Amino acid sequence: MQSEQRDAVPERVRKVIADAGVSQREFARRIVMDPSKLSRSLGGARRFTAAELSRVAAIGGVDAGWLLGTPAAAPPARRQRAQGPAPEGGRPLQIVRETVRLIAEHGFHAVRVQDIAEACATSTAAIHYHFPGRDDLLEAAVRWCMDEDTARRAARLADAADTADELRQLIELQIPRTPQQRWQWSVWLDLWAEAARSTAVGRLHADYYRQWRATVADVLRRGIAEGVFSPADPEAAALRLTALIDGLATQVLASGPDVPGTGPDAMHAALTAYVDATLTAH
């Protein structure tokens with residue numbers, strides 16, 4: 001009987017995704033789960049963890065017991081929702097967003113589960129229900145930051161006039177001018193340090209940078225073909241440019257806005273000069 005109940009879980013999760021009216025990848029983003037893990041779980045190659053199913057239930061508005069096939073659990077249409085407005089995007093996303101905000105303000109190791117619970121106006125038990133440990137929270141925070149950054153890049157590139165403008169837009173996105181951009185960089189710097197110590201976060205970090213450098217390399221490759229950029233190895237050029245962006249952004253945040261020659265404008269000028277001198281066709 002238990003085996004039959006487990007076999008029914010993927011099908012019930014598929015129903016939740018279908019009822020949500022979004023793609024499988026988008027649903028994975030909403031439950032802060034690796035899309036490939038979701039795909040393997042739906043295909044029966046791996047089992048959903050209890051925390052993953054709790055997030056599916058929270059985002060899908062169903063009973064977690066129903067997902068597991070518990071006979072007494074209410075089906076989706078009969079589930080009684082809690083009183084009061086639900087957090088925007090659901091409780092799991094609220095937890096992750098508040099975790100990222102607190103990391104930016106205080107650093108990962110200074111953030112307690114109690115702090116996150118207070119920020120979400122909920123209990124520590126509710127936090128552990130969706131994310132059993134700090135490592136789960138950190139991995140979810142990294143994944144959320146990756147998804148948000150990727151979405152912003154895609155939006156900027158969609159509006160660019162040509163490949164030269166695409167590169168300018170990508171660079172502008174990385175300059176910590178606004179409070180939000182400085183906040184995002186503060187999170188990344190803290191997560192980079194954790195990536196050096198955590199295998200799971202390290203893999204996410206490596207995947208993100210492969211995607212980020214591939215985006216830059218693709219713009220350069222198309223620009224070279226169009227004669228906008230000078231002939232070069234796009235991958236090598238992307239590696240150098242992204243490394244320069246990282247180093248300059250770190251200096252901007254470490255030095256503060258009042259130190260001459262290390263502010264956002266200086267970073268932008270240095271990157272523009274580098275692109276003009278080494279990448280732009282003359």
Side-chain angles (χ1 to χ4, degrees), residues 23 25-26 28-29 35 100 104 142-192 195 203-282:
S23 68
R25 175 170 288 276
E26 171 60 18
R29 187 192 71 81
V100 170
V142 175
R143 184 168 300 285
W144 185 80
C145 288
M146 289 169 53
D147 289 344
E148 291 294 297
D149 194 54
T150 300
R152 283 190 295 270
R153 289 204 308 266
R156 282 293 187 102
L157 292 181
D159 293 336
D162 51 33
T163 50
D165 188 36
E166 285 184 44
L167 189 60
R168 284 193 293 270
Q169 296 286 354
L170 289 176
I171 288 173
E172 188 60 42
L173 272 176
Q174 302 303 313
I175 297 175
R177 295 186 186 277
T178 67
Q180 181 180 4
Q181 286 171 317
R182 295 181 70 87
W183 179 86
Q184 290 162 353
W185 268 106
S186 295
V187 173
W188 276 120
L189 292 179
D190 210 47
L191 295 180
W192 280 345
R203 285 195 297 267
L204 280 176
H205 180 266
D207 288 344
Y208 168 78
Y209 260 83
R210 277 195 293 270
Q211 296 171 23
W212 164 226
R213 284 193 292 264
T215 298
V216 177
D218 178 65
V219 172
L220 294 175
R221 184 179 296 105
R222 288 186 285 109
I224 291 168
E226 296 168 3
V228 174
F229 301 127
S230 301
D233 179 344
E235 283 75 19
L239 176 63
R240 290 190 291 269
L241 179 57
T242 55
L244 182 59
I245 290 171
D246 293 341
L248 289 171
T250 302
Q251 289 186 41
V252 172
L253 265 70
S255 302
D258 300 326
V259 179
T262 60
D265 289 341
M267 175 179 174
H268 185 269
L271 289 170
T272 300
Y274 176 80
V275 169
D276 289 344
T278 64
L279 299 176
T280 304
H282 298 286

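All figures in this text were calculated on a predicted structure; none of them were measured in a lab. Numbering starts at 1 and runs along the sequence shown. Heavy-atom basis, side chains included; hydrogens, waters and symmetry copies ignored.
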Check your understanding: So, do Q184 and D149 sit near enough that their side-chain heavy atoms are less than 4.5 Å apart?
Key -> no

Exercise for review: Return the minimal non-hydrogen interatomic distance between P176 and R182, and the atom names on each side.
Suggested key: O-CG, 3.5 Å

Check your understanding: About how many Å separate CG of L220 and CG of L167, when rounded to the nearest 0.5 Å?
Key -> 5.5 Å

**Study point:** salt bridge (charged side-chain N to carboxylate O under 4.0 Å, His left out) pairs, two or more places apart, involving residues 209-220
**Key:** D207-R210, D218-R222

Exercise for review: Would you check if the side chain of H282 reaches a backbone N or O of D276 as a donor-acceptor pair within less than 3.5 Å?
Suggested key: yes

Check your understanding: Just by modelled atom types, is the T280 backbone N or O under 3.5 Å from a matching donor or acceptor in the S230 side chain?
Key -> yes

Check your understanding: In this structure, are over 12 heavy atoms from other groups packed under 6.0 Å from R25 atom CZ?
Key -> no

Review point. Under 3.5 Å, side chain of W183 to main-chain N/O of V100, donor-acceptor pair present?
Key: no

Point to revise | Sidechain N-carboxylate O distance under 4.0 Å for E235, R221 | key: yes

Review point. Which atom pair, heavy atoms only, marks the closest approach of M267 to I245?
Key: CE-O, 3.6 Å

Check your understanding: For D165 and D159, which heavy atoms make the closest approach, and how far apart are they?
Key -> OD2-O, 4.5 Å

Check your understanding: Do D147 and Y208 come close enough that some side-chain heavy atom pair is under 4.5 Å?
Key -> no

Check your understanding: Say you draw a straight line from CZ of R156 to CD of E166; how long is it, rounded to the nearest 0.5 Å?
Key -> 12.5 Å

Practice item. Look up atom CZ in R153 and atom CD in Q211, then write down how far apart they are to the nearest 0.5 Å. Key: 7.0 Å

Practice item. Go through I171 and V275 one step at a time and tell me if the side chain to side chain contact (heavy atoms under 4.5 Å, CB included) criterion holds. Key: CA-CA 10 Å; I171 288 173; V275 169; 3.8 Å; yes

Review point. Looking at residues at least two apart in the chain, or sitting in another chain, which of them share a salt bridge (charged side-chain N to carboxylate O under 4.0 Å, His left out) with D233?
Key: none

Exercise for review: Scan residues 260-269 for pairs that pass salt bridge (charged side-chain N to carboxylate O under 4.0 Å, His left out), counting only residues two or more places apart or in two chains.
Suggested key: R177-D265

Check your understanding: Is it true that a side-chain atom of E26 and a backbone atom of S23 form a donor plus acceptor pair closer than 3.5 Å?
Key -> no

Exercise for review: For the residue pair L253 and W188, establish whether any side-chain heavy-atom pair is separated by less than 4.5 Å.
Suggested key: no

Practice item. Evaluate side chain to side chain contact (heavy atoms under 4.5 Å, CB included) for Y274 paired with L248, printing each intermediate quantity in order. Key: CA-CA 12 Å; Y274 176 80; L248 289 171; over 6 Å; no

Study note, to complete from the structure: On a heavy-atom basis, the closest approach of F229 and A164 is CZ-CA, 4.0 Å

Study note, to complete from the structure: Taken to the nearest 0.5 Å, the spacing of R168 CZ from T272 OG1 works out to 9.0 Å

Check your understanding: Could you state the interatomic distance from CG (L271) to CD (Q174), rounded to the nearest 0.5 Å?
Key -> 9.5 Å

Check your understanding: If you take all heavy atoms of W212 and L170, which pair is closest and at what distance?
Key -> CZ3-CD2, 4.1 Å

Exercise for review: Examine distances only and state if a side-chain atom of T242 and a backbone atom of L239 form a donor-acceptor pair shorter than 3.5 Å.
Suggested key: yes

Revision key, fill the gap. CD of Q181 to CD1 of I175, rounded to nearest 0.5 Å, is 8.0 Å

Point to revise | Evaluation steps, side chain to side chain contact (heavy atoms under 4.5 Å, CB included), between R152 and Q169 | key: CA-CA 10 Å; R152 283 190 295 270; Q169 296 286 354; over 6 Å; no

Check your understanding: Which pair of heavy atoms, one from C145 and one from V187, lies closest together, and at what distance?
Key -> SG-CG1, 3.7 Å

